[in-house]
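Read through the structure below, which is laid out as structure tokens, and then see the notes.
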Amino acid sequence: MFGIPGKQALTITDKAAAQIARLMAKDSHQGLRIGVKKGGCAGMEYTMTYVTEVDPLDEVVEQDGARVMIAPMAQMFLFGTEIDYETSLLESGFKFRNPNVVDACGCGESIKFADDLASR
């Protein structure tokens, strides 16, 4: 929908692809759908849900057995994002490196986009 021909909407690191593939295999999911919703102290939050059926309007990115679907309303917010999976002593989880984010809260769970992008 908001893509550039020949360029994927987002990139997935090898660690993230391995984790997504593991999650998909767990209960025979078709992949993970990524989106954004209003909420959090900075204004918006990422969402991730298991998918049992691919929506034809989703932007689909596949890599090394991992499948990520981008919800239609989130595509303009997530274009150019890199998804990584990091593990530390205290936590592990997906990390989003999104060039469209202009601010984030201290905990990193909530994000803000430029006013012109968020008002579309």
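- Under the 4.5 Å side-chain heavy-atom criterion for Ile, Leu, Val, Met, Phe, Trp and Tyr, Leu23 and Val60 are members of distinct hydrophobic clusters.
- Phe96 pairs in a side-chain contact (heavy atoms from CB on, under 4.5 Å) with only one of the listed residues (Val36, Leu10, Ile34, Val101), which is Ile34.
- Gln30 and Met24 get closest at one heavy-atom pair: O-CE, 3.5 Å.
- A heavy-atom distance below 4.5 Å is not found between the side chains of Lys15 and Glu86.
- Using cut-offs of 30° and 60° for the angle between ring planes, the Tyr85 and Phe94 rings count as perpendicular.
- Both Met44 and Tyr46 are members of a single hydrophobic cluster when ILVMFWY side chains are connected at heavy-atom separations under 4.5 Å.
- A chain of hydrophobic side-chain contacts below 4.5 Å, direct or via other Ile, Leu, Val, Met, Phe, Trp or Tyr residues, connects Val68 to Met48.
- To the nearest 0.5 Å, atom CG of residue Asp55 and atom CZ of residue Arg33 are 5.5 Å apart.
- For Asp84 (side chain) and Lys95 (main-chain N/O), no donor-acceptor pair under 3.5 Å exists by modelled atom type.
- Across every non-hydrogen atom of Gly35 and Ala74, the tightest pair is CA-CB, 3.6 Å.
- In this structure, the side chain of Gln75 engages the main chain of Ile70 through a donor-acceptor pair within 3.5 Å.
- With sequence neighbours excluded, no residue forms a salt bridge (Lys or Arg N to Asp or Glu O under 4.0 Å) with Arg22.
- Taking Thr87 as the reference, nothing meets the side chain to side chain donor-acceptor pair (under 3.5 Å) condition, with sequence neighbours excluded.
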I would like to know whether Gln63 and Asp14 meet side chain to side chain contact (heavy atoms under 4.5 Å, CB included); could you show each step before the answer? CA-CA 9 Å; Gln63 177 183 318; Asp14 292 340; 3.7 Å; yes
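- Taking every heavy atom of both residues into account, Ala17 and Ala66 meet most closely at O-CB, 3.4 Å.
- Pairs passing the ring-ring contact (aromatic ring centres under 6.0 Å, His included) check and including a residue from residues 9-34, sequence neighbours excluded, read His29-Tyr50.
- Both Met76 and Ile83 are part of a single hydrophobic cluster, where members link through side-chain heavy atoms under 4.5 Å apart.
- The nearest pair of heavy atoms linking Ala21 to Gly65 is CB-O, 3.7 Å.
- Separating the CG atom in Leu32 from the OG1 atom in Thr49 is a distance of 7.5 Å, to the nearest 0.5 Å.
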